[in-house]
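Notes for the one structure printed next.
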Amino acid sequence: MREHRRLLGAAAVFSMAAAGLSLVQPVLVGRIITAVGDGAPLSGLVWALVAFLAAGAILATIQYYLLQRTAESVVLTARTELIGHLLRLPMSEYRSRHVGDLVSRVASDTTLLRAALTDGLVEPLGGILVLVGALTAMALLDPVLAVITVLVVGTVVAASLHVTRRLRALIFETQSRLGDLTGDLNQTLSAISVIRANGATDRAQARLGARVRAAFDAGVGAARSGAAVQPLRQVTGHASLLVILGVGGYRVATGHLTVAELVTFILFMLLFMGPVNTAFTAVQSVAAALGALQRITEIEQIPAEDAADIITHPTLPASSAPMVEFRDARFGYRPAHPVLDSVSFTVARGSRTAIVGLSGAGKSTLLALVERFYDLDGGRIELAGVNITGLPRTVLRSQLGYVEQNAPAISGTVRENLTLAAPEVTEELCWAVLDTVNLRDRIDTEAEGLNAQIGEHGIRLSGGERQRLAIARVLLARPPLLLLDEPTSSLDSRNEEIFQTALEATGADQTVVIVAHRLATVKNADQIIVLDHGRVRAIGTHNELLGTSELYRELAHHQLIGTPN
Ligand SMILES: Nc1ncnc2c1ncn2[C@@H]1O[C@H](COP(=O)(O)OP(=O)(O)OP(=O)(O)O)[C@@H](O)[C@H]1O
């Protein structure tokens with residue numbers, strides 16, 4: 001920010017100096033005309049005029065560069081801050097907003113700030129000097145003509161300000177429609193195979209076409225408002241020139257003014273019109289920037305995920321308490337629709353806990369709550385005896401290895417995906433863990449090896465390969481608690497066996513909570529939690545539950561846990 005102010009200050013000084021020089025030029029021209037009339041020597045005056053013109057041009061060039069540089073760095077700061085904030089929003093915000101709209105706020109809205117700065121801030125500074133200087137000179141030369149000029153220009157400027165009042169809202173509307181379009185386009189392209197396979201391309205095109213049309217209509221609305229200013233702008237220049245030529249000519253004829261004075265006056269008037277024109281542009285740019293700024297601040301005003309956190313434990317104290325404990329936990333994505341209700345259970349250190357239940361029972365939500373993607377509505381979750389709301393989220397998450405349902409991958413290389421939680425691990429360890437999940441041979445087929453790109457969302461890998469890569473990532477990071485959400489749903493039986501072996505090899509220093517949909521994964525767990533409509537129906541081992549839980553018996557009988565009945 002300080003750098004911006006320094007650069008802006010320098011640009012303003014250059015702008016005012018260039019403006020000051022431009023004010024001297026009409027005076028010199030007037031002198032030259034008088035000298036021509038008097039037959040006096042001209043060369044000194046002409047050289048002075050040339051020198052002033054050249055100096056003015058140099059100053060204007062420097063000022064232009066400084067201004068553009070500042071404007072670019074303001075965009076840089078705005079983007080950097082917005083991106084920093086965007087990455088830290090509460091999870092619910094990403095679910096309720098279009099990602100494309102968020103992207104357009106970073107890419108497009110910030111750009112509008114640039115024009116406001118160049119047109120709206122520094123140019124007018126130099127402009128004010130020219131305006132005041134030129135007006136004073138005009139008043140000294142001929143007060144009557146000066147008053148006439150001010151009246152003509154003032155009326156038109158007032159009218160144009162009235163017109164541009166609506167522009168800010170119109171630009172907000174235009175940018176919002178653009179955000180809707182990029183949001184929809186982004187979603188459509190990421191689900192293009194679903195659309196193609198269902199023969200919905202034409203419908204998608206029609207829907208996107210309607211979005212394009214809405215953006216066009218909003219843009220036309222803003223253009224109409226902007227265009228209304230243009231004739232006023234033209235009128236100001238032409239009308240004042242015509243009036244001054246008429247009245248000025250009359251005043252020369254009646255002996256109130258010399259020709260040299262009239263020419264000087266007109267030159268000052270033309271100088272005076274420069275800032276007036278700039279003001280027209282500035283008003284529009286600032287209105288546009290305010291519209292865009294509204295969209296940027298809308299996001300920046302959303303408190304970051306951890307803004308309201310009250311940290312009671314900056315680090316995780318050494319403790320022999322259970323690894324995880326849910327105590328009467330209640331949660332709903334929407335206030336009146338509880339997804340989890342009175343959930344209580346304990347996960348011992350080094351144990352394997354499986355969570356089973358029908359689809360929609362709340363299994364994934366349970367893991368997301370341990371990650372603190374959402375906060376409970378009631379009750380508490382403890383990690384090693386500490387309420388997780390009292391831990392910094394970075395500390396909490398450093399203890400967890402989470403394999404999400406469907407194992408989403410990040411765009412980038414195999415290595416980037418593997419080392420996301422442990423950037424420092426060696427190449428050797430990477431290959432070893434790929435070996436553990438039976439992925440070494442597949443990655444070996446890539447000429448770039450670990451540096452092979454896996455495409456957007458890992459599109460170049462099969463579902464099962466993506467899942468194995470996600471498992472490899474948490475195995476590599478070796479966090480104390482693994483949260484695995486149906487990690488084998490896309491694996492064949494051989495790879496599932498390999499996964500079981502890898503899981504058994506994790507050792508007593510790692511606790512595992514696994515949402516499972518296959519009996520094979522569940523059978524050997526130390527405890528199985530049966531979840532039904534957000535409530536814990538039973539807890540026990542496979543053999544115990546076969547005897548005590550009707551629901552578990554039914555699920556086990558179908559061999560498929562977690563799918564609708
Ligand atoms: N972001 C969300 N916003 C609103 N409701 C949600 C959200 N995520 C999940 N739900 C709802 O919460 C309930 C529990 O979902 P959850 O994903 O936890 O179930 P699950 O037991 O993991 O199901 P599955 O076995 O099908 O993965 C479901 O009714 C689901 O529709």
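Not measured: the values here are computed from a predicted model. For ligands, and for the atoms within them, numbers begin at 1 and follow the listed sequence.
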Glu486 heavy atoms within 4.0 Å reach ligand 1 at atoms 25 (O)
_Any carboxylate oxygen within less than 4.0 angstrom of a Lys/Arg side-chain nitrogen, looking at Arg535 and Asp532?_
no
Is ligand 1 less than 4.0 angstrom away from at least one heavy atom of His517? no
Counting from 1 in the order shown, the ligand 1 atoms closer than 4.0 Å to a non-hydrogen atom of Gly362 are 14 (C), 18 (O), 19 (O), 20 (P), 21 (O)
Just wondering, are more than 12 heavy atoms of other shown residues or ligands nearer than 6.0 Å to CZ in Arg553? yes
Quiz item: Got an N/O contact under 3.5 Å between Arg334 and ligand 1?
Solution: no
Within the structure, is a non-hydrogen atom of Ala361 found at a distance of less than 4.0 Å from ligand 1? yes
(message) Can you tell me how the ring of Tyr374 sits relative to the ring of Phe331, calling it parallel under 30°, perpendicular over 60° and tilted otherwise?
(response) tilted
Nearest heavy atom to atom 6 (C) of ligand 1, choosing from Tyr333, Tyr374, Phe331, belongs to Tyr333
- Is Arg393 paired with Asp306 through a side-chain N to carboxylate O contact shorter than 4.0 Å? no
Per-atom filter on ligand 1: closer than 4.0 angstrom to a heavy atom of Thr365 are 14 (C), 15 (O), 16 (P), 18 (O)
Looking at Asp101 and Arg295, does any basic side-chain N land under 4.0 Å from a carboxylate oxygen?
yes
Here the atoms of ligand 1 under 4.0 Å from any heavy atom belonging to Ser364 are 17 (O), 18 (O), 20 (P), 22 (O), 27 (O)
*asked:* For ligand 1, which is the ligand I care about here, please tell me if Val339 has any N or O atom under 3.5 Å from one of the ligand's N or O atoms.
replied: no
> Got a salt bridge between Arg380 and Glu325, using NZ or NE/NH1/NH2 to carboxylate O under 4.0 Å?
Replying inline: no
Closest to atom 1 (N) of ligand 1 (heavy atoms only, candidates Arg95, His337, Lys363) is Arg95
Before giving the answer on side chain to side chain contact (heavy atoms under 4.5 Å, CB included), spell out for Arg494 and Asn438 the whole-Å C-alpha distance, their side-chain angles and the decisive distance to 0.1 Å.
CA-CA 10 Å; Arg494 181 172 131 65; Asn438 192 28; 3.7 Å; yes
